[in-house]
Amino acid sequence: MGARVELLQIIQREDSQALVSFVQNGSLKQNDLSEVLAECSRRCLDDMWEGLRRMSTGVLLDAEMEENDKNKEKEKILLISSVAQLAIATIHVQEVIIPQSLIDTATIFHDILPLLPDEADSIKNRLAQLFETWWRLELEGRERVVPNTLLYLLERSLQAKCTAADVKVVWRLHSVLPMINFDDDSSGPLKNLLGRCCSSYQYLKTDEGRRFLSFAFTVHEGLVECLHKAIKNQMPFAPKSWLPLYGEVYYRAWQRSTDTVQQIIERDCIQDLMNHAVHASRNGCQAMFPILFKVLSYLHRQKKQRGVDAMLLRLYEPILWRSLSVPNTDVRTNSASLLLDAFPLQNPDSTAEEVDLMLQKQFDLMQRLLADPCPVVRAVTGEGVCLLMSEYLDMLPVEVVQTLLRRLLQELVWDASSPSVRLAVVKGITAMLENPLCHFLLKPLLPRLSYCLHDNAEVVRLAMMKLLLKVKSIRAIKYWNICPIEHLLARLEVDSQPIVRRIVELLFPSFMPLDQSPQEQILRCITLIESNPGAARVFWLNVPSHMTLTDTVKFMALVCRYVLESVRQMGHDSDDGTDTSPSGSKRKSSRDVGQQEEQAAEKNEDEDQNLSAEVLQGLLEVIYLMWTAVAKQLDARENMNIKQSLMKKLSVMIPDVLKITQEPRVVSLVIELAGHLPPKAVPSISVTCLSKLRNLTNDSGAGECTELLEAMCRWERASEILQMISDWLKDFLMPTEAPQAVPSKKGGAAKKRVQILAPEENGHPDLAINYLSTMLRSSVCKQMLMEHHLQDCDKLNRLLSHVLVVIKKQLQCENCPESADVDNRILVEQILSLHLRMSVLLHRPEEHCADCVIHMKSILEWGKESLLPCIGALPACKSGDGYLEGENQLISTAENWEWRSKLASNCIVTILDICCNMLMVGFGDKEFAMQLSSFCKDILYTAEELRLVDGVLSVLYQMVLFEDLLASGDVSNSMTHIMTALNMCLRRPSNREPRAC
């Protein structure tokens, strides 16, 4: 049986299930259905669609009568899908005459399209495809099947999962809009959907979407206000990339509209935006002028299109001229921005005299705005004028250009009232350099901007560097004729990183010519070092970012080889000049004298070629700084071969340098370089490092120990340093009593025994503290300690904890101890600070003994017990039956109390500082916060010195920021008590009577 006959029999039986099975589950495709239907005659098609119409109507009526029957609902959905598929196949048959029954069936489906459930999206999409094809093929009755279709397609295109294809389908139905009566109330849902389209990303992203929105503006006068309002409501929240697209929508709508609608768009849309832009705010989070300016700027860019010039002049004329003279500075600034962006405002249809008068009026306004009392107006006008000259230089009169440039480069560039004005001039001149016609005009004028390189405002200096980089790409102008190299090097030494990065980029080809010979590269390097050593350091630290790793290592090896050859030549020359043999000094013929004179002359030339100490130091700095810049890249596994080759060259160079010179800075650089090498590669340094640390004095250790300590840590010898520090501090923190003579068992005198005593090394606790402080400050040392020497650090920190006993003993002494001088007190305070800092650094919550929060709780208890009693007023102590008598005794007691009070106060300041830092990084809990609050409250009630209040306020501030602690009501109440105590402390009289103890 053929497919056509089977289909006709199913329709005659009105068997909906068989029809669904035939269309949905059969082997026929859409093209096969079209071929089957093409074989049908006109009468056959009429009979078929008449049967389909009756079948569809019956199923729909049954489903409506039995609304809650899910089977009937499912049958209805499947039947509609199958009939829609047959309809699509029918209308694709060429030269077919659409049966009236098909039109009636399509009309029925169109009417029920909004009533279909949301779960039937596939059925809705198939019906929408049918109706969209019906409209596109301009079939009979197409007006009856598109209104609801357009509504559905608009809703679908506004969903979150919509695509650009959905918007393109809507655009294909855009010609439906003129058929709709928008004056009728029934068009309200459609208006709302069109307004939502204005805030849809898919509509603004696609060209079809923007064309649809602009077409909607031209359909009806009432739609203009609706769509314009929707766009204005969306503008404050729209991304910046949307704003020019809105301008395109307005422009297309204006361009394609008829006279009446065009006038409405000009008056109610474009001029409305202009008026709001003139009076909009410029600054703040709700600034609307930048938003409106971007929309209007698109219209300004279309000035070359027919009618746009006249339209802009017609709409701006009643707004702009008046606004440029108002007292409000924001309005004048906005008006100036719009005038400069829309320049020239003219009507091409006017006479030449009228056009010249209009242009002259705008030139006069620019001159007046450049002299405006508001610096913001001057800045906006200055930059805008430069952009105009860059774009219209060949069209502007010469006198106007000269006048404007004279005002910019002689007055505004020296404007001291605001850096924004100077910045605007520099940025404007940079924009003018984009036009090759401006190069000849600006070449003699650019040197007047040289002092902008030293401007107080960083933004001006940064803009000046951008200008120089722009000049660098122009052959006709040389940047060193604008700013001398000496000025650039001076700024390179002291300026911020953004400017340094651009100066390095500017000077890179001059001092690092990769296309030149190695000799020329070394010569340029030495020239930079001799010109400005400070700038050279900054240059070589930043130059690897402009080079590949291979080129960087190659240049470092070149400098290393040059230094090695130079120091060897210097050593050879010194050896040749030390001949003191007697025979050589007695026999001197005339020939010998001549040879000696020639040798002396050659020697003087060689000495001129020898490196000075400053140049040698500079070349070593080049190697060290470039190594520092690429250290992470060298540590990568794929670059290990390059690193090994470079380390081999350095290991050869370092011993030879140390043989020639012992300059302190050169030796420090050599040690820093040696720290990056294996200790076996530099045995002359690695073997003697520890002995040098032992022999340093406290005065020299502060400046010279850092390089030695970092080198030792890189060589994984930090444990030796920590042991040395422990040995030096042990005698100070845990002094042992001198051994007493042991009496003999017979009761006689102690026996005298001969003993061989090892020479004892004098301890240096001050130097040990200096070394430990340096290691905790150095990122290299601190990283090595925390990663590889935690146990050694724990052991040292336990030794440092004995400082609590030392402080307590000194505070409990009735008389000032002999060791309690100023240096001793400072030493004890430094040890306490190091102990607390190390406790925080070694914080490991999983280990109870290494939890700094628990340890700080015990410190607070110790401070409350031992320190707080010593920070109050001097007590009027009693001695025996009466008060202390004698002036000397009273002075001694006061001095002793002052010394103890100062020690206790300094210790409290240290504790508060550490607690403040702990809260800052999130270390702490409720119990710690309560204990710290109590400690601070007791300080305020006890302390006589207001300098402790500073530490309490810092702790209080960090507790307020610590949100986890604020969730506790107890902590909040405790902080309230602190505020009360702080108020009492500030109201307390500065001098008190001595209290009895």
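We're numbering straight along the sequence, starting at 1. Heavy-atom basis, side chains included; hydrogens, waters and symmetry copies ignored.
Phe555 and Trp540 have their aromatic ring centers within a separation under 6.0 angstrom. Aromatic ring centres of His276 and Phe289 lie farther apart than the 6.0 Å criterion allows.
Around atom NZ of Lys443, no more than 12 heavy atoms belonging to other residues, nucleotides or ligands sit under 6.0 Å away. Around CG of Asp635, the count of heavy atoms belonging to other residues, nucleotides or ligands within 6.0 Å exceeds 12. For Arg322, the CZ atom counts as loosely surrounded, since its 6.0 Å shell holds 12 or fewer non-hydrogen atoms of other residues, nucleotides or ligands. Within a 6.0 Å radius of OH in Tyr392, other residues, nucleotides and ligands contribute more than 12 heavy atoms.
Checked by atom type and distance alone, the side chain of Gln521 pairs as donor or acceptor with a backbone atom of Gln516 at under 3.5 Å. Between the side chain of Arg461 and the backbone N or O of Asp455, at least one donor-acceptor pair lies under 3.5 Å. Asp913 places no side-chain N or O within 3.5 Å of a backbone atom of Val909 that could act as its donor or acceptor partner. In this structure, the side chain of Asn328 engages the main chain of Val331 through a donor-acceptor pair within 3.5 Å.
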* Walk me through it: do Ser420 and Ser418 pass the test side chain to side chain donor-acceptor pair (under 3.5 Å)? => CA-CA 5 Å; Ser420 61; Ser418 175; 2.7 Å; yes
Practice item. Given side chain to side chain contact (heavy atoms under 4.5 Å, CB included), test Lys361 with Leu357 step by step and report yes or no. Key: CA-CA 6 Å; Lys361 180 179 182 180; Leu357 287 175; over 6 Å; no
Inset, instruction - Starting from the C-alpha separation in whole Å, work towards a yes-or-no answer on side chain to side chain donor-acceptor pair (under 3.5 Å) for His228 and Tyr250. - result: CA-CA 9 Å; His228 179 58; Tyr250 281 114; 2.6 Å; yes
*Derivation and outcome, salt bridge (Lys or Arg N to Asp or Glu O under 4.0 Å), residues Asp341 and Lys294*: CA-CA 10 Å; Asp341 194 62; Lys294 285 183 177 294; over 6 Å; no
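The shortest non-hydrogen separation linking Arg282 to Ser337 is NH1-OG, 3.8 Å. Closest heavy-atom contact between Arg524 and Pro509: NH1-O, 3.9 Å. Across all their heavy atoms, Asn435 and Ser390 have their closest contact at ND2-O, 2.7 Å. Closest heavy-atom contact between Ser335 and Leu324: CB-CD2, 3.4 Å. Contact between Leu468 and Cys483 at its shortest, heavy atoms only, is CD1-SG, 4.0 Å. The shortest non-hydrogen separation linking Thr381 to Leu369 is OG1-CB, 3.4 Å.
In this structure, the separation between OG1 on Thr430 and CD on Glu383 is 9.5 Å, given to the nearest 0.5 Å. Put simply, CG on Leu296 and CD1 on Ile270 are 8.5 Å apart, with the number rounded to the nearest 0.5 Å. Taking CG from Leu453 and NE2 from His487, the interatomic distance works out to 8.5 Å, rounded to the nearest 0.5 Å. Between Glu707 atom CD and Tyr624 atom OH the span is 8.0 Å, to the nearest 0.5 Å. Residue Ile526 holds its CD1 atom at 13.0 Å from CD of Glu614, rounded to the nearest 0.5 Å.
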Could you tabulate the donor-acceptor pairs under 3.5 Å formed by side-chain atoms of residues 230-247, not counting sequence neighbours?
{"residue": "Lys232", "atom": "NZ", "partner": "Asp272", "partner atom": "OD2", "Å": "3.1"}
{"residue": "Asn233", "atom": "ND2", "partner": "Lys229", "partner atom": "O", "Å": "3.2"}
{"residue": "Tyr246", "atom": "OH", "partner": "Cys198", "partner atom": "O", "Å": "2.7"}

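A salt bridge between Glu493 and Arg537 is absent, with no side-chain N of the basic residue lying under 4.0 Å from a carboxylate O of the acidic one. Between Arg210 and Asp207 there is a salt bridge, with a side-chain nitrogen of the basic residue lying less than 4.0 Å from a carboxylate oxygen of the acidic one. A salt bridge does not link Arg378 with Asp372: every distance from a Lys NZ or Arg NE/NH1/NH2 to an Asp or Glu carboxylate oxygen is 4.0 Å or more. Ion pair Arg406/Glu411 not flagged as a salt bridge, since none of the NZ, NE, NH1 or NH2 atoms sits closer than 4.0 Å to an Asp/Glu carboxylate oxygen. No salt bridge links Lys472 with Glu505; every basic N to acidic carboxylate O contact stays at or beyond 4.0 Å.
Ring geometry, Phe293 versus His300: the interplanar angle exceeds 60°, so the pair is classed perpendicular (tilted spans 30 to 60°).
Put simply, the side chain of Asn917 does not reach to within 4.5 Å of the side chain of Val840, judged on heavy atoms.
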